[in-house]
Amino acid sequence: MEKRVHNFNPGPAALPLPVLKEIKKDFLSFRGSGMSITEISHRSALFDEVLNNAVNRTKRLLDLDDSYHVLFIQGGASMQFCMIPMNLALPDRPVNYINTGTWSTKAIKEAQIQGKDVRVIATSEEKDFSYLPYDYTVDKQASYLHFTSNNTIKGTQWQQFPDREGVPLISDMSSDFMSRPFDVKPFGLIYAGAQKNLGPSGIAMVIIREDMLERVPDNMPTMLKYTTFKDNRSLFNTPPTFAIYVIDLVLKWLEETIGGLKKMESINREKASLIYEVIDNSKIYQGIAEVKSRSMMNLTFRLRDEELEGRFLAEATENGLIGLKGHRSVGGCRASLYNAITMESVKSLIEFMREFEEKL
Ligand SMILES: *Cc1c(COP(=O)(O)O)cnc(C)c1O
């Protein structure tokens, strides 16, 4: 067995080890076909089963009723920044955004490029996005209210989703999708780039409610319309078949090995609280995000000074603790504790953090 490290990468990120082993085992002959999953038609019965399973597992895990469609769309989460206003902004009505960091800012920019009436109803930019703004007024006329459920870079996360005044919510859940159960009913659309919590990069899972599809304008490029993906079950053209296969395996692991999203959430909360406990009781580590807003997926912190930070990161790497450097726009450190991060990895990190502080 090859050596594995404790992988805290922010994305692409760790996948569950049992999933990687299953991929390896089945790679040369998928389900006894004598062909790899990467060598079979996207229209074959074998792949059809994979796709159906991935969709049905998503529906079960999130308790989706038939009014929601599960789609796979190329281009990652960033493609959704542009597709959402293009498909779902209603004529002569504003679109509302809450700006909580780099990814929200990019989503806003894509709506502005298209000349939409973009209203940023709240922002935490003045404090460098270190908190979530809870005080704002939604335009009752808005086509939708867009927010980022977990801010991967700054380490903030909505524990309770924003109030919406009857306006459909749209959320970029890339970095905390499937980490906890939630009520989908207020949502017109949910999307997640796969490479944080779901599988390989380059693809987004999009969950869209039936009534939102009625908004899609006719005169749009085919590959940019949500209706194209819905009407063709994400098979209008050749989808990233390998990515969908891995996503299905990750969802199966979530259902069968973990036991669903409630279990996943309680594991994730425990992992995060153990590390926050070390940070909060330390003289050298200091959390970056405001306590009330902080994330259980991406834990951001600094050390007393930059020199010490450099030493911390270098020694962590020597100890097989990988990916702890903060995003270049923030600096500091970040531990990304996605679903696949085991309690064993968390305990190794805690032990390292404690020993590093003690020997100073
Ligand atoms: C990583 C990330 C993205 C970007 O995803 P791509 O698939 O690279 O486009 C967008 N939003 C959030 C919240 C992310 O964490």
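In this chain, residues are counted from 1 in sequence order. First listed ligand is number 1; within each ligand, the first listed atom is number 1. Fair warning: this is a prediction, and the values are worked out from it, not measured in the lab.
- Across N197, D172, T102, I153, heavy-atom proximity to atom 11 (N) of ligand 1 is greatest for D172.
- Judged by distance alone, the side chains of E290 and S293 do bring a donor and an acceptor atom under 3.5 Å apart.
- With sequence neighbours left out, F236 forms a ring-ring contact (aromatic ring centres under 6.0 Å, His included) with no residue at all.
- Residues K196 and P10 share a closest heavy-atom pair of CD-O, 3.0 Å.
- Heavy atoms of F81 found under 4.0 angstrom from ligand 1 belong exclusively to the side chain.
- Annotation: atom 1 (C) of ligand 1 to nearest protein heavy atom, K196 NZ, 1.5 Å.
- Between the side chains of T148 and S104, at least one donor N or O sits under 3.5 Å from an acceptor N or O.
- E110 and Q112 are not linked by any side-chain donor-acceptor pair at a separation below 3.5 angstrom, with hydrogens and angles left out of the test.
- Taking 4.0 Å as the cut-off, I203 does not count as a neighbour of ligand 1 on heavy-atom distance.
- With respect to atom 8 (O) of ligand 1, the closest heavy atom belonging to the protein is Q195 NE2, 3.3 Å.
- At a 3.5 angstrom cut-off on N or O pairs, A77 counts as close to ligand 1.
- Other residues, nucleotides and ligands contribute more than 12 heavy atoms inside 6.0 Å of the NZ atom of K225.
- For ligand 1, the atoms lying closer than 4.0 Å to a non-hydrogen atom of N150 are 13 (C).
- Of all the heavy atoms of M79, none lies under 4.0 Å from any atom of ligand 1, so neither backbone nor side chain is involved.
- For ligand 1, the polar-atom distance check against T152 finds a nitrogen or oxygen pair separated by under 3.5 Å.
- Applying the ring-ring contact (aromatic ring centres under 6.0 Å, His included) criterion to Y97, with sequence neighbours excluded, gives Y144, H146.
- Taking the ring centroids of F312 and F352, they lie under the 6.0 Å cut-off.
- Within ligand 1, the atoms closer than 4.0 Å to a non-hydrogen atom of T148 are 13 (C), numbered from 1 in the order shown.
- Those atoms of ligand 1 that come under 4.0 Å of a heavy atom in S174, given as number and element, are 10 (C), 11 (N), 12 (C), 13 (C), 14 (C), 15 (O).
- At the top of the distance list for atom 9 (O) of ligand 1, counting protein heavy atoms only, stands S78 OG, 2.6 Å.
- When non-hydrogen atoms are compared, ligand 1 lies under 4.0 Å from neither the backbone nor the side chain of N151.
- Counting heavy atoms under 4.0 Å from ligand 1, residue M173 does not touch it at all.
- Below 30°, between 30° and 60°, or above 60°: for F187 and F182 the angle between ring planes is above 60°, a perpendicular geometry.
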